[in-house]
Amino acid sequence: MREEFQAPRGFHDILGEDLRKFRYVTSTIRDILRRHNFEEIILPVVEYADLFERSIGETTDIVQKEMFVFEDRKGRRLALRPEGTAGAVRAYVQNRLFAQRTYHKVFYEGPMFRHERPQAGRYRQFHQIGVEVFGVAEPHADAEVIKVAHEIVETLKIKADIEINSIGCKVCRPAYREALVGYLNSVSEKLCSVCLDRKDRNPLRVLDCKVETCKEAVKEAPRVTDYLCEECRDHYSKLSEYLKALGVPYVENPHLVRGLDYYTRTVFEVVSPDLGSAIIAGGRYDYLVEEFGGPPTPALGFAAGIERIALLVDTPKEREPVYFVIPFGDVIPYALKVTDTIREKGKVAELSYRKGNLRKQLDFANKMGYRYAVIVGEDEMREGVVSLKDMETGEQVRVRPEDI
RNA sequence: GAGGGUGUAGCUCAGCUGGUAGAGCGGGGGACUGUGGAUCCCCAUGUCGCGGGUUCGAGUCCCGUCACCCUCCCCA
């Protein structure tokens, strides 16, 4: 019996042109992070499920219906990570990084898992690069983190808008929440059924609703920014000032709230108008480290969705600097040696295993996008040289293999 | 989780009211073993996503299922 397998729904292979784009995106981002002096950490893909439940929030969709949860042999509940921040905070506390120095800048890269309906740019296994800054309360850290996000879209030449907001802290959010719920009750007949439910459980998210009548109803709603306490207001206005100083364009979106419970003060999204969704998003989470057993430690970060970004980039189309060695006639031992010599010089060389006349061989090299053809015929062998042809310019010269 | 659409060669797709599978691109070979992006000729593409049903007969109709795409929800 022959059975053909398929990858499970929402899980996919990344190869060929997609992989080229993927690598282009990740290496570009990594290079930006390197210049900002972020330090890499590699985090486990599996954590205890309640790590996410307590940080992201019990009532969020991510926790309620999108986590891959399973039990280990002792019946402990484990989860495939749906995002990176919770694990990063856990690692920060568990490894006592707070004891090493006053602040830390780290980044992670890897797969995340959410059990949701696949769509363009949405997978059950997707990949993120995330950055976190631990131990800095001041808004210039916020500005620099948002600058990194901006640099990413700029460098990759992606059209995107940066939206920012502040959702306050322990001190001011309760009062705002109360005012908001009061307002929402007064317009409840205009809200969609989902929002009626949200109104009591997580009222801030009503502001985010895409239903037209809700958007309309929410226009006159009290604004978080009007309810911020002294410190939060100061933080937010300094952030704006610093972003201007850095030349980072942004728009204030008082309805931006983000879905995860751990955020405080600054939240932001980098939204692609072409995709209609966020490609990078993050914010500040000043209480999470403490909630996870560490010392009180303000922190913030963001995550960038690699697949979504890859949908928006064009990779530069260049010939790979590959030396394609074409043996022609009875010259295999010599061609083997020539290929090896080129590799010893640190260049990329491939000995052609293909059959056919020279025309076909060159045609093949051309199709593969190789930059150089190294023609090794009997004439060349006799003289101890090769004919090196630049496939881009068409120029051809005779050189000794060790001079390539 | 809800709604809708699609699934035929490696890719893009055609295939009428049911009668036993096609085109382009790509691939391989040749014209043409010593110079690529071109032209011409030839060749192979296949459990028609999978399973079941209706029928003398199903790529076509019906049901189920899986995957993908779109919208909603949510999110990177």
Side-chain angles (χ1 to χ4, degrees), chain A residues 1-12 16-17 25 56-57 59-66 82-85 109-130 149 152 160 192-195 197-198 202 205 208-212 214 257-260 269-272 275-282 302-312 319 324 326-331 354-380 387-396:
Chain A
M1 187 183 79
R2 270 187 345 161
E3 187 185 7
E4 186 174 315
F5 285 104
Q6 283 185 322
R9 162 175 254 196
F11 291 80
H12 65 136
E17 183 57 24
V25 171
I56 299 168
T59 64
T60 59
D61 278 12
I62 293 181
V63 165
Q64 281 191 337
K65 46 187 202 193
E66 294 179 0
E83 58 106 42
T85 298
E109 175 187 348
M112 306 294 163
F113 304 85
R114 291 183 199 171
H115 191 113
E116 48 184 356
R117 203 100 173 178
Q119 262 173 56
R122 169 179 299 193
Y123 306 95
R124 289 186 176 177
Q125 175 177 340
F126 60 102
H127 299 77
Q128 291 185 330
I129 292 186
I152 290 170
C192 69
S193 58
V194 187
C195 280
D197 188 48
R198 274 201 284 241
N202 200 340
R205 302 246 304 286
D208 232 7
C209 189
K210 273 114 195 148
V211 176
E212 222 28 68
C214 292
V257 297
R258 311 282 308 127
L260 288 65
E269 287 187 351
V270 180
V271 182
S272 158
L275 229 52
S277 61
I279 52 177
I280 301 175
F302 70 69
I306 308 302
E307 285 89 347
R308 284 190 185 178
I309 293 173
L311 284 174
L312 300 169
R319 283 178 188 274
F324 187 65
I326 302 169
F328 205 71
D330 190 16
V331 296
R354 207 180 181 287
K355 297 179 178 65
N357 59 29
L358 189 52
R359 186 186 196 84
K360 292 250 158 148
Q361 297 270 17
L362 288 170
D363 193 39
F364 182 76
N366 185 49
K367 260 180 211 139
M368 297 302 289
Y370 298 148
R371 178 70 193 266
Y372 303 102
V374 181
I375 301 161
V376 181
E378 288 168 1
D379 295 354
E380 283 87 350
S387 294
L388 176 65
K389 178 168 182 135
D390 186 327
M391 297 298 283
E392 207 159 278
T393 63
E395 281 170 41
Q396 183 171 324

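Throughout, a chain's letter reflects where its sequence line sits, starting with A, and its residues are numbered from 1. These numbers come from a predicted model, not from an experiment.
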Atom of A:Ser387, atom of A:Gln396 and distance for their closest heavy-atom approach | CB-NE2, 3.4 Å
Hey, what do you get for CD (A:Glu395) to CG (A:Asp390), rounding to the nearest 0.5 Å?
-> 6.5 Å
Name the nucleic acid region contacted by A:Gly282, choosing base, sugar-phosphate or nothing; use a 4.0 angstrom heavy-atom cut-off, strictly under.
-> nothing
Taking OP1 and OP2 of B:C75, is either one under 4.0 Å from a side-chain nitrogen or oxygen of A:Arg124?
-> no
Heavy atoms, side chains only, cut-off 4.5 Å: are A:Met112 and A:Pro82 in contact?
-> no
Is there a donor and acceptor pair closer than 3.5 Å between the side chain of A:Gln361 and the base of B:G34?
-> no
Of the listed B:U33, B:G1, B:C75, the closest approach to the A:Asn357 side chain comes from B:U33
Indicate, with a heavy-atom threshold strictly under 4.0 Å, whether A:Ala278 touches base, sugar-phosphate, or nothing.
-> sugar-phosphate
Which part of the nucleic acid does A:Lys367 contact within heavy-atom distance under 4.0 Å: base, sugar-phosphate only, or nothing?
-> sugar-phosphate
Measure distances between side-chain N and O atoms of A:Asp363 and base N and O atoms of B:G36, and say whether any donor-acceptor pair falls under 3.5 Å.
-> no
Interatomic distance, A:Tyr123 OH vs B:A76 P [rounded to whole Å] = 16 Å
Please round to the nearest 0.5 Å and tell me the distance separating atom CE of A:Met368 and atom CG of A:Asp363.
-> 12.0 Å
Do you know the tightest heavy-atom contact between A:Ala373 and A:Leu362?
-> CB-CD2, 3.7 Å
Touch check for A:Arg205, heavy atoms < 4.0 angstrom, all strands: base, sugar-phosphate only, or nothing?
-> sugar-phosphate
Euclidean distance for P, B:G5 against B:G10 (whole angstrom) = 28 Å
Nearest-0.5 Å distance that lies between atom CZ in A:Phe328 and atom CD1 in A:Ile375 = 9.0 Å
Interatomic distance, CG@A:Leu358 vs CZ@A:Phe364, rounded to 0.5 Å, equals 14.0 Å
Value for CD (A:Gln361) from NZ (A:Lys355), rounded to nearest 0.5 Å, stands at 10.0 Å
In whole angstroms, how far is the C1' atom of B:A76 from the CG atom of A:Leu312?
-> 12 Å
Please work out if A:Gly121 contacts a base, only the sugar-phosphate, or nothing of the nucleic acid, heavy-atom cut-off 4.0 Å.
-> base
Within 6.0 Å of CD in A:Glu17, more than 12 heavy atoms from elsewhere = yes
Taking the P atom of each, how far is B:U6 from B:G64, in whole Å?
-> 15 Å
Side chain of A:Ile279 (C-beta onward), nearest among B:A76, B:G36, B:G29 = B:A76
Taking the P atom of each, how far is B:G51 from B:A38, in whole Å?
-> 41 Å
Between B:G28 and A:Arg354, is there an OP1 or OP2 to side-chain N/O distance shorter than 4.0 Å?
-> yes
For B:C56 and B:C42, measure between their C1' atoms and round to the nearest Å.
-> 40 Å
Could you provide the dot-bracket string of RNA chain B, using ( ) for intrastrand pairs, [ ] for crossing pairs and | for bases paired to another strand, with Watson-Crick or G-U pairs below 3.5 Å?
-> (((((((..((((.....[..)))).(((((.......))))).....(((((..]....))))))))))))....
Can you tell me the distance, in whole Å, between the NZ atom of A:Lys355 and the P atom of B:G28?
-> 12 Å
Report the distance from atom CD of A:Gln119 to atom P of B:C68, rounded to the nearest whole Å.
-> 12 Å
Pairwise P distance for B:A31 and B:G19, with rounding to whole Å | 43 Å
Taking only the side-chain nitrogens and oxygens of A:Arg258, find out if one of them lies under 4.0 Å from OP1 or OP2 of B:A76.
-> yes
Which value, rounded to the nearest 0.5 Å, describes the distance between A:Arg122 atom CZ and A:Leu275 atom CG?
-> 10.5 Å
Earlier contact from the 5' end, RNA chain B, for A:Asp379 and A:Pro8 = A:Asp379
Rounded to whole Å, CD of A:Glu307 lies from C1' of B:C75 at a distance of 13 Å
Close residues, residues 368-376 of chain A, relative to RNA chain B [heavy-atom separation under 4.0 Å] = A:Ile375
Can you tell me how far C1' of B:G36 sits from CG of A:Leu358, to the nearest Å?
-> 9 Å
So, do A:Phe328 and B:G34 meet the stacking rule of ring centres under 5.5 Å and planes under 30°?
-> no
When every non-hydrogen atom of A:Leu311 is compared with those of A:Gly121, the smallest separation belongs to CD1-CA, 3.7 Å
Closest listed nucleotide, where the reference is the side chain of A:Leu362 and the choices are B:A2, B:G28, B:G36 | B:G36
Taking all atoms of both residues into account, what is the closest heavy-atom pair of A:Ser277 and A:Arg308, and its distance?
-> OG-NH1, 3.5 Å
Expressed in whole Å, how much space separates the C1' atoms belonging to B:G46 and B:G7?
-> 14 Å
Using the C1' atom as the reference point in each nucleotide, state the distance between B:U47 and B:U20 in Å, no decimals.
-> 14 Å
Taking every heavy atom of A:Gly305 against every heavy atom of A:Gln128, the minimum-distance pair comes out as CA-CG, 4.5 Å
Have a look at A:Ala365 and say if it touches a base, only the backbone sugar-phosphate, or nothing, with a 4.0 Å heavy-atom cut-off.
-> nothing
Could you tell me the separation between the CD atom of A:Gln396 and the P atom of B:G34, rounded to a whole number of Å?
-> 14 Å
Taking the side chain of A:Gln128 as its heavy atoms from C-beta onward, which of B:U71, B:A76, B:A38 lies nearest to it?
-> B:A76
Polar side-chain contact A:Arg122-B:C70 base: donor and acceptor under 3.5 Å | no
Picking from B:C68, B:G36, B:G3, which would you name as closest to the side chain of A:Asn366?
-> B:G36
Between atom CD1 in A:Ile280 and atom P in B:C75, what is the gap in whole Å?
-> 18 Å
Looking for any heavy atom pair under 4.0 Å, which part of the strands does A:Phe324 touch: base, sugar-phosphate only, or nothing?
-> nothing
A:Arg9, nearest nucleotide to its side chain (from B:C68, B:C72, B:U35) | B:C68
Counting heavy atoms from C-beta on, name the nucleotide in B:G28, B:C32, B:G34 closest to the side chain of A:Arg359.
-> B:C32
Which is true for A:Glu380 with a 4.0 Å heavy-atom rule: it touches a base, it touches only sugar-phosphate, or it touches nothing?
-> base
Indicate the atoms forming the closest heavy-atom contact of A:Phe324 with A:Ala365, along with that distance.
-> CD2-CB, 3.6 Å
What is the nucleic acid contact for A:Glu378, judged by heavy atoms within less than 4.0 Å: base, sugar-phosphate only, or nothing?
-> base
Mind checking A:Gly394 for me? I need base, sugar-phosphate or nothing, with any heavy atom below 4.0 Å counting as a touch.
-> base
From the candidates B:A76, B:G36, B:C75, the one with an atom nearest any side-chain atom of A:Phe126 is B:A76
Using the P atom in both, what is the distance from B:U17 to B:C75, to the nearest Å?
-> 46 Å
Of B:G36, B:C72, B:A76, the nucleotide closest to the side chain of A:Met391 is B:G36
